[in-house]
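Please read the structure below before turning to the comments.
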Amino acid sequence: MSNPFAALPAVHRVLASREVADAGACYGAAVARQAARDVLAAVRARVAHGDPVPALEALTSEVRSLLERRAAVAYPEVLNATGVLIHTNLGRSPQLAVSAPGYVALEYDLTSGERGERLTPVTARLVRYFGGESATVVTNNAAALVLLLAAHAAGREVIVSRGELIEIGGAFRLPDIMAASGARLVEVGCTNRTHPDDFARAIGDNTAAILVVHRSNFALAGFVATPELKDLVDLGRRRGTPVWVDQGSGCHLDLTRYDLRHETTVQQILADGVDAVLFSGDKLLGGPQAGIVVGTHSAIAGMRHHPLRRAVRPDKNSLAVLAATLDAYLAGRPEEIPLYRLLAAPASTIRSRARRIARRLQLDRIEAGFRPSRAVIGGGTTPDQTVPSWAVTIPGGEDAADRLRRARPAVIGRVEEDLVVLDLKAIFAEQDAMLARSVATALAG
Ligand SMILES: *Cc1c(COP(=O)(O)O)cnc(C)c1O
């Protein structure tokens, strides 16, 4: 039997083909050579497993598509037509665009010319907006919880209600986080009912704190009881036990303005007298990924001096966006924040936009329609609640959804039976024309 590898073309022959040469001119000769080598290596492995040797044209088009994949934008822009405003897979909250100069006075005091503290501008704003004595910022809320526990509860006990031992998704399970930070979890109460007395009985010599956790992604209904935060704070004061709240969602303004049920805000929790409250920067704060902690001087100082703090230090871009986001709230202008612009759009306006997009698509012979829809905030913020919205519908089910995903910008909808439903609640009005163009191009031919 002849050696099948002998039939494989050499790298220079693949590179000399018209298709690869054109791509090489576009993406660079070195990049093209590497892609040709990588494809040939993969083909050699397939041939070794008994596959036939592919024709030269098949090889060159494989090289070309590899080059295109490698040249693709790492994080492409998407039009979020899912009806989920804080979509974990689409980067949670849409962010304020803050232009970043090359260098910034990140840890530098321009008045004295001396070294400054990177967090000060942001923590000053946090204290002004939320109240509390002091604040700090780390990379995300999970890190904030780990740091708080490591700083104040390593080798000690933290009391948590059995109704709040949550899993946020992925690797965030409260009992595991506690174990990783060296704290010992003491569970009290029952899944559905926990009383202040349960906490009172559990407090001992080795108790570091009571931890209250926001039920971010589920709702408890029926025969249920949860202690008032005020009562836990009173208990903590009497017994010298700090009370911490992992608020998660970072609710900070009156959600009833946006057709949602009232949710306790970070400001109210601090006013109740807790020692520390933690939340994410990219949920209801509508900012960048960050873990924010606001509380007493002693709670925050312990975190600031812990060696782990350096490992969870936020970067300059996040801090700049977070400061700008807080400035909008401090100025009383939440509508400048993209998330609240979306939330504020009334259903009647969304309906007209849906109708206009559907008409525009009909001109392109796409059988588009429009209909009412329900959107959700998502991201573990307001479980169990929806807001009224409208959607454009496109025939073609999964197949059409697949094409829309490959469009640029990509359009991400949801499939309901044989329709793609494009909810407009998380689409900015100024994106409507782009959405229509993307859909029309994706479905043409
Ligand atoms: C979302 C959430 C977290 C995790 O926050 P990240 O910023 O994603 O790390 C932790 N606790 C609660 C209650 C949450 O809702």
Side-chain angles (χ1 to χ4, degrees), residues 84-95 122 126 130 135-150 153 158-181 183 185 194 209-220 226 229 232 243-252 255 260-261 263-266 268-270 274 276-295 303 308-309 311-315 317-319 321-322 325 339 376-385:
V84 182
L85 284 102
I86 300 177
H87 196 301
T88 304
N89 306 136
L90 303 181
R92 286 201 181 154
S93 282
Q95 254 179 54
V122 155
L126 288 169
F130 289 105
T136 194
V137 182
V138 295
T139 48
N140 63 338
N141 191 25
L145 186 56
V146 169
L147 184 58
L148 179 71
L149 290 164
V158 175
I159 309 171
V160 185
S161 159
R162 290 199 171 86
E164 296 174 356
L165 291 176
I166 55 166
E167 174 182 307
I168 296 284
F172 187 99
R173 301 182 105 187
L174 198 72
D176 299 343
I177 294 275
M178 304 258 295
S181 56
L185 169 64
T194 304
I210 289 171
L211 175 64
V212 175
V213 185
H214 183 252
R215 291 189 195 103
S216 290
N217 47 13
F218 74 107
L220 208 55
T226 303
L229 190 55
L232 292 183
V243 176
W244 302 330
V245 178
D246 176 4
Q247 206 275 345
S249 76
C251 178
H252 59 103
L255 288 181
L260 287 156
R261 274 201 303 273
E263 166 150 5
T264 308
T265 63
V266 171
Q268 289 167 330
I269 291 170
L270 284 164
V274 302
V277 53
L278 302 74
F279 53 96
S280 295
D282 51 359
K283 292 182 181 174
L284 287 175
L285 194 63
Q289 180 185 303
I292 298 168
V293 191
V294 188
M303 299 174 76
L308 259 185
R309 183 174 97 114
V312 293
R313 181 171 79 164
D315 76 293
N317 296 307
S318 308
L319 291 171
V321 180
L322 182 55
T325 304
L339 178 67
V376 299
I377 312 298
T381 55
T382 51
D384 195 27
Q385 292 196 70

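Ligands are counted one by one from 1 in listed order, and the atoms in each one are counted from 1 as well.
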Which residue and non-hydrogen atom of the protein lie closest to [atom], and at what distance in Å?
atom	result
atom 8 (O) of ligand 1	R92 NH2, 2.8 Å
atom 9 (O) of ligand 1	A142 N, 2.9 Å
atom 11 (N) of ligand 1	D246 OD2, 2.7 Å
atom 1 (C) of ligand 1	K283 NZ, 1.4 Å
atom 15 (O) of ligand 1	S216 OG, 2.4 Å
atom 7 (O) of ligand 1	S280 OG, 2.7 Å
atom 10 (C) of ligand 1	N141 ND2, 3.2 Å

Handout entry: Whether over 12 other heavy atoms sit under 6.0 Å from R162 CZ
Key =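 Count over threshold, so yes.
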
Could you check if a side-chain atom of [X] sits within less than 4.5 angstrom of a side-chain atom of [Y], using non-hydrogen atoms only?
X	Y	result
F279	V266	yes
L165	V160	yes
V138	R313	no

Handout entry: Closest heavy-atom pair and its distance - G163, F218
Key =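 The pair with the smallest heavy-atom distance is O-CZ, 3.7 Å.
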
Problem - Nearest heavy atoms of D282 and S93, plus distance in Å - result: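 What the structure gives for the nearest pair is O-OG, 3.0 Å.
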
Practice task
Using a 4.0 Å heavy-atom cut-off, say whether Q289 meets ligand 1 through its side chain, its backbone, both or neither.
Solution key: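 It is neither part, as no heavy atom is under 4.0 Å.
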
Practice task
Could you list which atoms of ligand 1 come closer than 4.0 Å to a heavy atom of G248?
Solution key: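 Atoms satisfying the 4.0 Å criterion: 12 (C), 13 (C), 14 (C), 15 (O).
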
Handout entry: Interfacing atoms of ligand 1 (cut-off 4.0 Å, heavy-atom, H214)
Key =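 Matching atoms, with element in brackets: 13 (C).
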
Practice task
Decide whether the shortest distance between a heavy atom of I166 and an atom of ligand 1 is less than 4.0 Å.
Solution key: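 I166: in contact with ligand 1 (<4.0 Å).
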
Problem - Between E263 and H214: side-chain donor-acceptor atoms closer than 3.5 Å - result: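 Checked: E263/H214 side chains pair up, N/O donor to acceptor below 3.5 Å.
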
Practice task
Look up atom OG in S181 and atom CG in D176, then write down how far apart they are to the nearest 0.5 Å.
Solution key: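 Rounded to the nearest 0.5 Å, the OG-CG separation comes out at 10.5 Å.
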
